[in-house]
Amino acid sequence: MRLSRYFLPVLKENPSEAQIVSHRLMLRAGMIRQQAAGIYSWLPLGYRVLKRIETIVHEEQIRAGHIPLLMPTLQPADLWRESGRYDDYGQEMLRIKDRHDRDMLFGPTNEEMITDIFRGSVNSYKDLPLTLYHIQWKFRDEVRPRFGVMRGREFLMKDGYNFDIDKDAALHAYNRHMVSYLRTYERMGLTAIPMRAASGPIGGDNTHEFLVLAQTGESEVFYDDRVVDLKLGDRQVDYDNRAEVAGVCQEFTTLYARTDETHDAAAFDQIPEAHRKVGRGIEVGQIFYFGTKYSESMGATVVTADGSRVPVEMGSHGIGVSRLLGAIIEASHDDKGIIWPEGVTPFHCGIVNLKQGDAATDAASDSLYKALAAKGLEALYDDRNERAGNKFATMDLIGLPWRVTVGPRGLEKGVVELTSRKTGLSEEMTPEAAVERLVQIYAAHR
RNA sequence: CGGGGCGUAGCGCAGCCUGGUAGCGCGACGGUUUUGGGUACCGUAGGCCGUAGGUUCGAAUCCUAUCGCCCCGACCA
């Protein structure tokens, strides 16, 4: 993409309404624009990252054997009356009447609807196990939305629901989600720690929240800091192997890690003092096993091998997709701007043409741009007629992980400069070598 | 929902107390200059001063109401 033809309304100054760093940077980098309290438009740069995150979530869910579908944002109230949550949910649920005076609502979650879909088409144990999920906009009418997309009223969420024949199978689904979530966050360059949590109105007694450590987090967290070093890395997990999946979960949940809701001071004190940490975290996902809470109230049953009919065992699992943008920025930025991890960056690299209008630098920048495209790499080419300082500042602000600088000085020697946003270190090399290096870097993020 | 703050140009703000032709910086646009870290100069455009009502000869300014936004707390898959 040529910057001269793109829509990237960056701001030099901090908008006064934004208090925390991720919100400020998203506004300044031209990623979002607020339309009402807690409701945002996603401008092109923000939309790219959002789509990138969504893609990773999809890929990891599908890898785990889960099946995507798409349910609507608007739901009929009757479904919620059936589960009993229409009255329970309270003011957070946005209630709407249609022209025929029917009660509707903007979905804050989809347990009822997915259960309705399930019971309408699934009757036999032979159709299980089944895990369905979607990535769809939710609306929760928060009393006080804040922190930009971190606590918006409208937000994009992946929510999945497993249907299993018995508790063991359902707990395997729970574990499978934990592993797939760990992979998902790692691909985004995040360390998200599974922490035992409280289940709240959703019910059930088995639940973990995934928290990204950040000073601006809304939850207080207590943990053994050795959990931070746990990594899934390159290992291949067979998602159908119950013991293997359970083993990974065991590995990631044995060390103490809890939010203030479930904190146990006595257990915490058992941790060696050097590893005992209290901090704050951003919740970016949660998994639940809740058994037959919804299947019983809504009549979602299957016929078993012996001919009897039983309510299915269920769980639900969520990832805050739009919130992740804020969480990633909170975890990865400096005083100049955002630092995107390679896995979620809106463009693979930036190209800064230091002397726009100069025949040699224009030609070199242009051919570099095309060479990258030929290798499937998307560059944001700053071809504006601006000062170098302005171009560098823009690139730093929007946080592309790599920048190729093309200038007359370097071209005399036949080189361009490849700079890491994260370390700030630059290396001179031929344009061909720069392309090859970027190809290698991104090979690990395909 | 309780407490506090703020609505004036795209962004950041001054002016309000003490009523009298709406300003500054950045940005945008045109030009000159410049070109390896937000350059300099000249010029131009852009505002029902959130909205409605009131007081007054006269309201961005005083009064009332209302809408919106932000922060703290409470709340929160």
Checklist entry - Given the P atoms of G58(B) and U21(B), what is the spacing between them in whole Å? => result 15 Å
Next on the checklist: Could you tell me how far A74(B) sits from C62(B) if I compare only their C1' atoms? Round to whole Å.
Outcome noted: 36 Å
Next on the checklist: Just to be sure I understand the rule, does R153(A) reach a base, reach only the sugar-phosphate, or reach nothing, if contact means heavy atoms closer than 4.0 Å?
Outcome noted: nothing
Checklist entry - What is the base-pairing partner of C17(B), counting Watson-Crick and G-U wobble geometry with both distances under 3.5 Å? => result none
Item to check | Axial cation check for Y86(A) ring with R81(A), 6.0 Å and 45° limits | outcome: yes
Item to check | Interatomic distance, Q35(A) CD vs G68(B) C1' [rounded to whole Å] | outcome: 14 Å
Checklist outcome for this item: Taking a pair to mean Watson-Crick or G-U wobble geometry with both distances below 3.5 Å, U55(B) pairs with none
Checklist entry - For atom C1', what is the distance between U8(B) and A60(B), given to the nearest Å? => result 7 Å
Item to check | Strand-adjacent residues in residues 9-20 of chain A, judged by heavy atoms under 4.0 Å from RNA chain B | outcome: K12(A), E13(A), N14(A), P15(A), S16(A), E17(A), Q19(A)
Next on the checklist: What is the separation between atom CG on N385(A) and atom P on C29(B), rounded to the nearest whole Å?
Outcome noted: 11 Å
Next on the checklist: By the 4.0 Å heavy-atom rule, please label G410(A) as base, sugar-phosphate, or nothing.
Outcome noted: base
Checklist entry - Would you say the side chain of D396(A) and the base of G37(B) hold a donor-acceptor pair, judged only by whether the two atoms sit under 3.5 Å apart? => result yes
Checklist entry - Aromatic rings Y89(A) and W80(A): how do their planes relate, parallel, tilted or perpendicular, breaks at 30° and 60°? => result perpendicular
Checklist entry - Taking the six-membered ring for Trp, are Y256(A) and F222(A) ring centroids under 6.0 Å apart? => result no
Checklist outcome for this item: Picking from G38(B), C71(B), C69(B), the nucleotide nearest the side-chain atoms of T394(A) would be G38(B)
Next on the checklist: With rounding to the closest Å, how many angstrom separate the C1' atoms on C71(B) and U64(B)?
Outcome noted: 26 Å
Next on the checklist: Under 3.5 Å for both donor-acceptor distances, Watson-Crick or wobble: does C6(B) have a partner, and if so which one?
Outcome noted: G68(B)
Item to check | Nucleotide G36(B), atom C1' - distance to CE of M395(A) in whole Å | outcome: 15 Å
Next on the checklist: Taking only the P atom of each, what is the distance from G15(B) to G7(B) in whole angstrom?
Outcome noted: 10 Å
Next on the checklist: Using a distance-only criterion (donor-acceptor N/O pair, under 3.5 Å, no hydrogens), is the base of G36(B) paired with the side chain of E417(A)?
Outcome noted: yes
Checklist entry - Can you check the E220(A) CD to G73(B) P distance for me, whole Å? => result 13 Å
Checklist entry - Between R144(A) and C71(B), does any side-chain N or O lie under 4.0 Å from OP1 or OP2? => result yes
Checklist entry - Between K413(A) (NZ) and G36(B) (P), how many Å, whole number? => result 15 Å
Checklist outcome for this item: Taken in chain and number order and not counting sequence neighbours, the residues that satisfy side chain to side chain contact (heavy atoms under 4.5 Å, CB included) with K355(A) are D358(A), T361(A), P408(A)
Checklist entry - salt bridge (charged side-chain N to carboxylate O under 4.0 Å, His left out) with E428(A): which residues, sequence neighbours excluded? => result K413(A)
Next on the checklist: Please name the nucleotide paired to U44(B) by Watson-Crick or G-U wobble geometry with both distances under 3.5 Å, or report none.
Outcome noted: A28(B)
Item to check | Residues that E112(A) engages under salt bridge (charged side-chain N to carboxylate O under 4.0 Å, His left out), provided they are two or more places apart | outcome: R85(A)
Item to check | Residues H317(A) and D159(A): side-chain donor-acceptor under 3.5 angstrom | outcome: no
Checklist outcome for this item: Between CG of L354(A) and C1' of G36(B) the distance, given in whole Å, is 5 Å
Next on the checklist: Of the listed nucleotides (A77(B), C70(B), G36(B)), which one gets closest to any side-chain atom of A37(A)?
Outcome noted: C70(B)
Next on the checklist: Check whether Y239(A) forms a cation-pi arrangement with R63(A) (NZ or CZ under 6.0 Å from the six-membered ring centre, at most 45° off the ring normal).
Outcome noted: no
Checklist entry - What interatomic distance, in whole Å, is found between P of G73(B) and the corresponding atom of A14(B)? => result 25 Å
Next on the checklist: Roughly how many Å apart are C57(B) and C24(B), using the C1' atom of each and rounding to a whole number?
Outcome noted: 31 Å
Item to check | Spacing of the C1' atoms in C13(B) and U32(B) (rounded, Å) | outcome: 30 Å
Checklist entry - What is the distance, rounded to the nearest whole Å, between atom CD of E386(A) and atom C1' of A40(B)? => result 14 Å
Checklist entry - Starting at the 5' end of RNA chain B and moving along, which residue's nearest nucleotide shows up first, G38(A) or N390(A)? => result N390(A)
Checklist entry - When the nearest nucleotide of RNA chain B is assigned to D159(A) and to Q356(A) on a heavy-atom basis, which residue is associated with the more 5' position? => result Q356(A)
Next on the checklist: Using a heavy-atom cut-off of 4.0 Å across all strands, would you classify R403(A) as base, sugar-phosphate, or nothing?
Outcome noted: base
Checklist outcome for this item: Any strand, both distances under 3.5 Å, Watson-Crick or G-U wobble: U33(B) pairs with none
Checklist entry - Of all the nucleotides listed (A77(B), G36(B), C69(B)), which has the minimum atom distance to the side chain of F392(A)? => result G36(B)
Next on the checklist: Which residues pass the salt bridge (charged side-chain N to carboxylate O under 4.0 Å, His left out) test with E186(A), not counting sequence neighbours?
Outcome noted: none
Checklist outcome for this item: Testing U35(B), G38(B), G37(B) for proximity to the side chain of K355(A), the answer is U35(B)
Checklist entry - Under the side-chain hydrogen bond (donor to acceptor under 3.5 Å, both in side chains) test, which residues partner Y133(A), sequence neighbours left out? => result H58(A)
Checklist entry - Taking CG from L8(A) and P from G27(B), how many angstroms apart are they, rounded to a whole number? => result 16 Å
